[in-house]
Number of protein chains: 2
Amino acid sequence: MTLSLSDIKAARERIAPYVIKTPLLRLRNLEETLGCEVYVKLENMQRTNAFKLRGVMNTILQLTDEELERGVVTSSSGNHGHAVSYASKLLGIKATIAVPDTAPPFKLEKIKEYGAEIIPTTVEERFKLQEKLVEEHGYTLIPPFNDYRVMAGQGTVGLEILEQLPDADHIFVPASGGGLVGGIATAVKESADHVKVHGVEPANLPKFAASLENNEITQVENKGTIADGLVSIIPGEKNFPIVQKYVDTFYTVSEEAMKKGQKLLLMEAKILAEISSSIGIGGVLNKEIEVKPEDKICFVITGGNLGFDQLTYIRDTEY
Amino acid sequence: MTLSLSDIKAARERIAPYVIKTPLLRLRNLEETLGCEVYVKLENMQRTNAFKLRGVMNTILQLTDEELERGVVTSSSGNHGHAVSYASKLLGIKATIAVPDTAPPFKLEKIKEYGAEIIPTTVEERFKLQEKLVEEHGYTLIPPFNDYRVMAGQGTVGLEILEQLPDADHIFVPASGGGLVGGIATAVKESADHVKVHGVEPANLPKFAASLENNEITQVENKGTIADGLVSIIPGEKNFPIVQKYVDTFYTVSEEAMKKGQKLLLMEAKILAEISSSIGIGGVLNKEIEVKPEDKICFVITGGNLGFDQLTYIRDTEY
């Protein structure tokens, strides 16, 4: 089994009542600065303010009545947990979320807001705890990325981009485990192979760059990143072969560039995005990714969940 | 002479090469909170990040060669000055701007950025100084609102809203001197009189509410407002009769409500707007303006020029 365009089309129909077809905007005010035609796909305006709801919804809507009755579980300190919590409330099922103690307070509040049961844990213990919960309570695990249903849901972003900007030249996708970039690349390459799809990951955690070079899944040293949505140190097993097959290029971007990108988006384009979402624009802005003036480039803005006080991180950033 | 739909249509063609047809988005994530269908017309994504460029461009493009050669002048501490400076650089003409010492540093930087000559002044002296500059140098004055060419330019926002959301029920327009609300009301009422157009002004400076009640132009006491784009204490002479004829209702909104609106837009809709732009959404949020769940309401987001440090004004605001 793998992922195909028809899975993504089915996902789109399945999740349509629950998600927003988010806007894709041209940002002419950034074009002189970035040196290309600039488009953004605004998943920060999605329900729960992140693309994660697409994959979560596509998975939960395929569970049996019995599975729904027992409830779902996941481990997350961020947007995935938020989406599982929101979806579970919407469908009236029980959700349990193992939240590591590294979760930013703002994201923890969002997970709590929809009434999921929170079980505190650590980054090291969280997957063990999650397995234990599955075994003991019969909960169904909703994985953040390493799952074909989740990837099919995330791939619906790609279908929308093709409709909204059929003559896109390049799509830049922030990458952590590979759920979003795998889904989008499948949707795009199986429908319109003139559009190039690129993954972008923190230079501190170049797991896809390393894995592609080694031609096998490779774990990288955890040097940490301020991009709290891009913390994976290893590609997902199911995601890597898809990325290998369909993604055109993988770029790595510095911490500084991400901050610059976030500030540019906020101050010049008037769009609030998470720092993880700003990695593509930051990379181009900081000349770590090369573009051409005639290129129509779509940057996927993956989420916008940040607390007001987190804005102070970029107070002194200059772009 | 007055303002008509055909002036606004001509303005639209005239300024088309220089302005952005800004996005009009539905913000489903705010609908439960605000209790209506929520749409925003995003002039904060306009060139110079405010609607002001429309009126300025429509005026300057109608000057004679001789007038262009002598240059233009205005007095402004904000978005109008920024637009005059930007337009003058674009067209290669000289601009002189009398800037009162109350101008926020961020806006002063924006005015300077495009190379206009800045003459420092005070709020009290600025109009006298402006007249003196017109007399001594033969500069042409570009008024901020009390001018039919300026109003025709601002009215193009109304034409775009009618195209982008033809079944709008209500349009809420922030009002200071009356240039934008007068222009939009003319465009809308002369094309589609089923759409209601409302002005919104700070409760601290209710000059339109007072003037409408008195049936004549009335100056109000200057109680000040944090909305630095809405500081007029008297409606424009040319604007008032148009507002009287075409605007359905005028609402006044508290200072607190504006701050709440700005924070809601930023944190939940991920859109950075000036506090002046947030007056309509803030009024509805704070129950100072009543709406119905089935209403399709378009809020005009007039600008997005604020310095990073100004965000601290809303750090402790709760919505």
Side-chain angles (χ1 to χ4, degrees), chain A residues 17-32 38-40 42-50 53 86 106 109-110 113 164 259 262-274 277-278 301-319, chain B residues 17-32 38-40 42-50 53 86 106 109-110 113 164 259 262-274 277-278 301-319:
Chain A
Y18 305 99
V19 302
I20 293 172
K21 180 176 174 180
T22 55
L24 186 148
L25 301 184
R26 181 165 179 179
L27 300 181
R28 289 178 190 267
N29 285 336
L30 300 191
E31 295 189 349
E32 204 183 313
V38 180
Y39 300 84
V40 284
L42 293 175
E43 286 294 299
N44 59 338
M45 296 188 182
Q46 185 53 264
R47 295 232 185 260
T48 73
N49 299 113
L53 185 64
Y86 171 89
F106 177 83
E109 280 313 305
K110 287 282 173 188
E113 189 180 331
Q164 294 168 311
K259 289 206 266 182
Q262 188 182 31
K263 192 152 184 184
L264 182 80
L265 265 172
L266 183 63
M267 301 312 289
E268 303 298 331
K270 312 304 170 187
I271 292 168
L272 180 62
E274 291 180 39
S277 299
S278 316
I301 306 300
T302 47
N305 285 311
L306 67 165
F308 197 78
D309 288 338
Q310 281 174 273
L311 284 172
T312 56
Y313 298 169
I314 52 169
R315 174 176 291 147
D316 301 319
T317 300
E318 287 179 17
Y319 50 80
Chain B
Y18 305 99
V19 301
I20 292 171
K21 180 176 174 181
T22 54
L24 185 149
L25 301 184
R26 181 167 180 178
L27 300 181
R28 289 177 188 267
N29 285 336
L30 300 191
E31 296 189 348
E32 206 184 311
V38 180
Y39 300 83
V40 284
L42 293 174
E43 287 295 298
N44 59 339
M45 297 189 183
Q46 184 53 266
R47 295 230 186 264
T48 73
N49 298 113
L53 185 64
Y86 171 87
F106 177 83
E109 280 312 305
K110 287 283 173 186
E113 189 180 330
Q164 293 168 311
K259 290 206 265 180
Q262 188 182 31
K263 192 152 184 184
L264 182 79
L265 265 173
L266 183 64
M267 301 312 289
E268 303 298 331
K270 311 305 169 188
I271 292 168
L272 180 63
E274 291 180 39
S277 300
S278 315
I301 305 301
T302 47
N305 284 311
L306 69 164
F308 198 78
D309 288 339
Q310 282 174 272
L311 283 173
T312 56
Y313 297 169
I314 52 167
R315 174 177 291 147
D316 300 321
T317 300
E318 287 180 16
Y319 50 79

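Order of the sequence lines fixes the chain letters, A, B, ..., with proteins taken first and strands second; residue numbering starts at 1 for each chain. Here the structure is a predicted model, which is why all the values come from computation and not from measurement.
Looking only at heavy-atom pairs under 4.5 Å with chain B, the residue among A/Leu42, A/Leu27, A/Ile314, A/Thr48 that has the most is A/Ile314. Annotation: maximal heavy-atom pairing with chain A below 4.5 Å, among B/Asn305, B/Ile271, B/Asn49, B/Thr312, occurs at B/Asn49. With respect to chain B, the highest number of heavy-atom pairs below 4.5 Å among A/Met45, A/Arg28, A/Arg47 belongs to A/Arg47.
Contacts between B/Ile20 and chain A at a heavy-atom distance below 4.5 Å involve the side chain alone, from C-beta outward. Using a 4.5 Å cut-off between heavy atoms, A/Leu25 touches chain B through its side chain atoms alone. Using a 4.5 Å cut-off between heavy atoms, B/Gln46 contacts chain A through its backbone alone, with no side-chain atom that close. For A/Leu306, the part sitting under 4.5 Å from any heavy atom of chain B is the backbone (N, CA, C, O) and nothing else.
Counting all heavy atoms, side chain and backbone alike, A/Phe308 lies closest to B/Arg315 at CE2-CA, 3.3 Å.
Side-chain atoms of B/Lys270 come within 3.5 Å of backbone atoms of A/Gly304 as a donor-acceptor pair (strictly under, hydrogens ignored).
Here the CG atom belonging to A/Leu272 is positioned 9.0 Å from the CG atom belonging to B/Leu311, to the nearest 0.5 angstrom.
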